[in-house]
Amino acid sequence: MAVITWWAPIAWVLASGVVVALVMLQTKHRQARSRDRLPVAHAERLTALPAYRRALAGYRALVAAFVACLVILVALSAVLTARPATVTLSTPELHNRDIVLCLDVSGSMISYDSAVLDVFDSLSTEFTGERISLVIFNASAVTYFPLTNDYDYISQQLERLGKDFQAADPSYFDGTLLGNGSSLVGDGLAACATRFDRQQDERSRSVILVTDNLVAGEQIFTLPQAAALAADRGVRVYGINPGDTTAKDYLREYSIEFEKSITDSGGAYYPLDDPAIVPSVVASIEAEQAAVLPGAPLVTRTEHPEIFILVAFGALAGLLLLAWRLKR
Amino acid sequence: MDRLLRRVQTKLYIHAHRAVRGLLEGEYRSVFHGRSMDFEDLRPYVPGDEFKDIDWKATARYGSPLTKRYIASRKHTLVLVVDTGRDMAALSASGESKRDVAILAAGTIGYIAIRHGDPVALVAGTDKKSEFVPGELTESHLERILQRIQSAIRLDGARSNLAAQLAYVHRVFRRRMIVLVIGDDRELTGEEHTLVRRLAARHEMLWLSIGDADLMREEWAQREMYDVATAGTVPTFLRDNPRLRAAFDSSVTATAERSEELFESLSISSRRLTSQDSVIPGIFRLLEAHRHARR
């Protein structure tokens with residue numbers, strides 16, 4: 001609970017003080033001025049009567065109720081003008097994300113790919129507003145599904161591809177072997193980086209590229225070129241390289257090239273040697289994204305004047321009624 | 001100088017009927033001047049004279065009623081006991097100042113007394129002090145007494161305490177006198193009852209109450225009102241309450257009845273005066289009531 005115009009109650013207190021002071025001054029002035037008061041003797045003839053005491057008590061009760069209504073009304077007006085609100089922090093950018101999963105589906109990569117799919121499958125239940133697309137590539141890139149926020153569909157597709165991976169069903173290769181060679185990472189990344197639509201929207205765009213950068217064949221884009229293309233288009237690339245381990249030292253050169261091109265283009269690079277670490281890598285990508293994403297968290301303030309307005313109306317009604325009764 | 005007495009005379013001679021003045025004098029005479037054995041002379045009958053005093057034979061001879069006059073058996077001193085505290089500066093039942101009503105009453109009865117050869121003395125005062133002006137027979141002396149009453153009664157004067165003046169009279173005057181008390185609607189306390197009873201045993205006592213203002217009077221409902229004794233305000237907001245007005249009226253009536261009963265039980269003639277216009281008829285009634293009470 002917070003107040004939006006914090007100074008309003010202070011202003012009310014000051015204003016009330018001024019009004020009370022003016023009224024007191026006026027009363028004093030009037031009393032000092034009224035020399036035409038009627039002098040009477042033995043007022044106890046009236047004031048000692050039980051009927052007088054009863055009438056006075058009744059009158060005092062009315063005045064007390066009037067003052068109570070007035071105080072409630074002023075206090076509630078102060079509260080209302082202070083505009084109490086509940087504050088919620090939200091970071092819309094995190095829900096404004098487009099993520100393209102860019103999976104190298106060459107034989108050596110299958111186990112890592114399915115780990116990444118599992119993680120995104122479980123994450124898809126928590127997403128609100130993010131759009132996911134899946135692109136698989138080998139010699140050529142295939143959009144498995146385009147950017148969408150239909151999470152049921154995403155989950156379904158991710159599970160299906162995961163099963164295909166495990167069952168070694170070759171149907172998932174369909175369309176990925178059309179190029180000249182295999183594991184054409186540069187082309188794959190370039191394809192992924194151009195999968196984003198709604199360029200004019202302010203959305204966070206990122207590619208999660210899973211590959212060991214073991215290129216065989218002739219590429220149209222080299223990896224550095226593709227990374228630069230991605231950077232040009234404002235796409236952030238997260239590279240996950242399962243091949244960057246001492247066990248696969250023969251891939252060392254590729255790993256260095258991979259890391260360099262990714263980091264040079266402003267992305268992040270994660271070497272790993274065990275598919276079990278993938279969830280933590282994805283988590284760190286999420287964290288890194290949250291840190292990198294521009295813009296302050298959005299503060300949403302929801303005001304709650306309903307109860308105050310109702311009670312204030314009640315007090316106002318009481319005030320008018322009592323004023324009429326007192327004036328009579 | 002003698003403007004206060006002039007006002008009294010004006011009231012007596014012009015404003016009131018001539019007959020009333022004659023009546024008053026006749027009443028006064030028959031009340032306070034007993035018949036001695038010494039016949040003085042005859043004079044034409046004026047209303048108010050005792051029928052007993054009419055000389056029927058002389059009347060028959062003369063053709064119109066003649067009254068016997070005797071040399072007064074005794075001279076009385078009329079002592080005016082007047083409360084000059086600030087209670088008397090307040091408003092009377094009619095809205096006039098109680099002071100003006102009191103001065104007119106004191107002046108009227110004092111004037112008649114002087115014309116009958118009775119000296120008029122004054123005991124006046126507040127809760128602070130009581131003062132005594134010895135009796136004299138002149139009109140200028142009466143004027144001084146009235147002036148004194150007028151200047152003593154002020155809104156910023158000391159508080160009223162009629163008991164102090166009654167105690168003074170009780171302490172100082174041993175000889176029988178005519179004591180006329182001019183007070184207001186206040187109910188007497190138990191202590192004052194005793195004092196008044198003792199005074200009534202020793203003196204010829206008459207009592208004039210100047211009626212206090214009606215606190216619930218409608219035309220004053222919007223005016224601010226304060227008690228001169230305590231300076232406390234009588235709140236405006238309750239003075240138009242009809243139920244309270246009924247309760248106040250019945251309370252005032254009850255108080256007046258109680259006072260009347262008290263004075264009756266002490267065989268003191270009393271009269272309540274509400275306005276200056278009611279002074280002369282009021283005094284006439286007072287004297288009449290006193291004459292009947294004595295018989």
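Please read all numbers here as calculations on a predicted model, not as lab measurements. The figures that follow rest on heavy atoms only: side chains count, while hydrogens, waters and symmetry mates do not.
- Counting all heavy atoms, side chain and backbone alike, A:Arg45 lies closest to B:Ala213 at NH2-O, 2.9 Å.
- In this structure, no portion of B:Thr230 lies under 4.5 Å from any heavy atom of chain A.
- Of the N and O atoms on the side chains of A:His42 and B:Asp184, at least one donor lies less than 3.5 Å from an acceptor on the other residue.
- Here B:Arg223 is the residue among B:Lys98, B:Arg223, B:Arg243 with the most heavy-atom pairs under 4.5 Å with chain A.
- With a 4.5 angstrom heavy-atom cutoff, B:Met216 touches chain A only via side-chain atoms.
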- request: Show your working on side-chain contact (heavy atoms from CB on, under 4.5 Å) between A:Glu44 and B:Asp227 and close with a plain yes or no.
  value: CA-CA 9 Å; A:Glu44 71 276 1; B:Asp227 189 324; 4.0 Å; yes

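- Using a 4.5 Å cut-off between heavy atoms, B:Leu91 touches chain A through backbone and side chain atoms alike.
- Around CZ of B:Arg258, the count of heavy atoms belonging to other residues, nucleotides or ligands within 6.0 Å exceeds 12.
- The local environment of OH in A:Tyr153 is crowded, with over 12 non-hydrogen atoms from other residues, nucleotides or ligands closer than 6.0 Å.
- Atoms CG and CG, on B:Leu238 and A:Leu49 in that order, are 11.5 Å from each other to the nearest 0.5 Å.
- With a threshold of 4.5 angstrom between heavy atoms, A:Leu46 approaches chain B through its backbone and through its side chain.
- Across B:Gly232, B:Ser251, B:Ala229, B:Gly95, the residue that shares the most heavy-atom pairs under 4.5 angstrom with chain A is B:Ser251.
- The contact between B:Val228 and chain A is made by backbone and side chain atoms together, counting heavy-atom distances below 4.5 Å.
- Contact record, B:Ala89 with A:Pro39: O-CG, 4.4 Å, taken as the closest heavy-atom pair.
- No more than 12 heavy atoms of other residues, nucleotides or ligands lie within 6.0 Å of CD in B:Glu191, so this atom counts as exposed by the packing criterion.
- Residue contact with chain A, scored on non-hydrogen atoms closer than 4.5 Å, involves the backbone and the side chain of B:Arg186 alike.
- Interface remark: B:Asn241 contributes side-chain atoms only to the contact with chain A (heavy atom separation under 4.5 Å).
- Within a 6.0 Å radius of CD in A:Glu306, more than 12 heavy atoms belonging to other residues, nucleotides or ligands are found.
- Only the side chain of A:Tyr59 comes within less than 4.5 Å of a heavy atom in chain B; its backbone stays farther off.
- B:Leu244 CG to A:Leu56 CG: the interatomic distance, rounded to the nearest 0.5 Å, is 9.5 Å.
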